[in-house]
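All remarks here apply to the structure that follows.
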Amino acid sequence: MAEALRVGIAGLGTVGASVARVLNEKAAELTRQCGRDIVVTAVSARDPKRDRGVDLSAAKWFDDAVKMAETADIDVFVELIGGDEGPAHASVKAALEAGRHVVTANKALLAKHGVALAEIAEKKGVLLNYEAAVAGGIPVIKTMREALAGNQVTRVFGILNGTCNYILTRMEAEGISFDACLKDAQRLGYAEADPTFDIEGHDTAHKLSILTSLAFGTRIAANDIYMEGISNITQADIRAAAELGYRIKLLGVAQRTESGIEQRVHPTMVPTASVIAQVHGVTNAVAIETDILGELLLSGPGAGGNATASAVVGDIADIAKSRPGFQHAPVFGWPARELKPYKKAQMRSHAGGYFIRLTVHDRIGVFAAIAKRMADNDISLESIVQQAAGPETQAQKTVILVTHETTEAAVRKAVEGVTKDGHLTDKPQVIRIERAE
């Protein structure tokens, strides 16, 4: 049997402790599967005295993650610290430069430094595995990097943030407000004390940027993503979507166009009969469209200690199965130095149209003014519905518009015009609609 694979874990929070526990509890099974033992020989975290529910007495303790990354006592450095700079970046870079394999769940780090780190890994002939960085326990990275050889990806999209999906699911199912759902998500541990990173789309954008690089062979461009979160979604939007035959989901979408690559994160109305609309709660789902296979949908637990630990352990097992001299697959599917510069696609028409909700003063001429703003921007309306805002607000109405195919720019300009006209009493809502295929 080959020598044991020595693992060092940096970061012993929920995920790190779960990884150590799984490696301990599943040791015999992993040895049979990998042909060698996997042993945790080093750990690093802030508090050495904290009880993490797993026996780490046999592992050497390091106060400094960078020093652990550089030690000759480990073969694999597992980074579960978090953050795109500081100890996470310094330790991963040090491990790769020292010729250590690296496993990370850190999407923020990869979104910012992924290509540079990939260049080091490929130069040193070591693996940089990151299955847990996108969609938790769903094996989407391995699928895109290895299983779709020969396929040309045309589009990748999905539900990539469990917090947002949990909130939107409960808003629809129970008819409660966004704020109430968010508080429950925080209480249950699905959302952070400061939920901005999740609910405003940043987490989804980081994950999408990684999938974009894998899908299209481009350098990661997390800063070139159109991004909109779910904090502006109301019960009025949820109810209107249901009446129209749709369900609201926060989607990350990347697709190849004639003018470049389009990346966007925003709430989307999807047909209630579609597969993606059936993904509820904290579950994630990723759809990959290719020229040979067609559409592949992967769905499963997207967050939590066990789901993330499963992906991390899977990455460690892949390293254990590899042998010296074996040519590793490039980190992002293509050699890092051959990744093409990201070319942002030009604005184009959205075939599904848009849902627009306007809360307006109930007075003569408002409907005509809205219609004129739409016409001025060449927006054709499929339907326009006026609703009373409620008995306590008789001085205002809710106007719901559904457009035919048009551009984002045209819709935003028209809504801006209505706002300038002074007809609105509340912030307008604009949501893309995805038609059924």
Side-chain angles (χ1 to χ4, degrees), residues 158-205 227-252 265-272 274 276-285 302-304 354-362 385-402 411-412 415 418-419 423-434:
I159 297 169
L160 301 174
N161 184 272
T163 300
C164 291
N165 205 44
Y166 169 83
I167 291 172
L168 292 172
T169 298
R170 285 203 60 198
M171 286 181 72
E172 179 190 9
E174 302 177 33
I176 54 182
S177 70
F178 171 85
D179 289 338
C181 287
L182 176 58
K183 288 179 181 178
D184 271 357
Q186 290 171 319
R187 178 177 59 82
L188 295 168
Y190 295 146
E192 302 290 340
D194 180 0
T196 304
F197 194 74
D198 288 319
I199 64 174
E200 297 304 339
H202 300 281
D203 177 77
T204 298
M227 187 171 63
E228 184 181 340
I230 66 168
S231 58
N232 196 36
I233 299 295
T234 68
Q235 274 298 322
D237 302 319
I238 298 289
R239 289 192 299 268
E243 291 171 3
L244 293 167
Y246 295 96
R247 183 168 284 148
I248 299 175
K249 298 291 184 182
L250 182 74
L251 296 186
V265 172
H266 50 72
T268 307
M269 287 189 177
V270 296
T272 53
S274 64
I276 203 78
Q278 311 308 314
V279 178
H280 301 305
V282 295
T283 303
N284 281 194
Y354 290 80
F355 164 91
I356 305 170
R357 174 177 55 79
L358 306 172
T359 306
V360 302
H361 292 288
D362 185 11
V385 178
Q386 176 180 277
Q387 300 175 338
E392 71 284 0
T393 53
Q394 293 180 358
Q396 62 187 36
K397 297 284 187 182
T398 297
V399 179
I400 293 175
L401 313 172
V402 177
V411 169
R412 298 293 175 183
V415 171
V418 175
T419 304
H423 297 307
L424 300 186
T425 64
D426 199 359
K427 186 177 179 180
Q429 179 68 284
V430 176
I431 304 176
R432 286 176 180 245
I433 297 174
E434 292 290 342

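Model, not experiment: these values are computed from the prediction.
- Taking CD1 from Ile199 and CZ from Phe178, the interatomic distance works out to 4.0 Å, rounded to the nearest 0.5 Å.
- In Gln278, the CD atom is crowded: over 12 heavy atoms of neighbouring residues, nucleotides or ligands sit closer than 6.0 Å.
- The CG atom of Leu244 sits 10.5 Å away from atom OG1 of Thr272, with the distance rounded to the nearest 0.5 Å.
- The shortest distance between side-chain heavy atoms of Tyr190 and Ile167 does not fall below 4.5 Å.
- Atoms CD and CD, from Glu200 and Glu228 in turn, are 9.0 Å apart once rounded to the nearest 0.5 Å.
- Summarising the geometry, atom OG1 belonging to Thr163 is positioned 11.0 Å from atom CG belonging to Leu168; distances are rounded to the nearest 0.5 Å.
- Between Pro428 and Leu358 the shortest heavy-atom distance is CB-CD2, 3.7 Å.
- Contact check for Lys249 versus Thr169: side-chain heavy atoms found under the 4.5 Å cut-off.
- Here the CD1-CZ distance, from Ile400 to Arg239, works out to 9.0 Å after rounding to the nearest 0.5 Å.
- A side-chain donor-acceptor contact under 3.5 Å links Asn165 to the backbone of Gly281.
- Rounding to the nearest 0.5 Å places SG of Cys181 at 7.0 Å from CD of Glu174.
- Results of the side chain to side chain contact (heavy atoms under 4.5 Å, CB included) test with Thr204 over Ile159, Asp198, Asn161 single out Asn161 as the only residue that passes.
- For the pair Gln186 (side chain) and Ala193 (backbone), a donor-acceptor distance under 3.5 Å is present.
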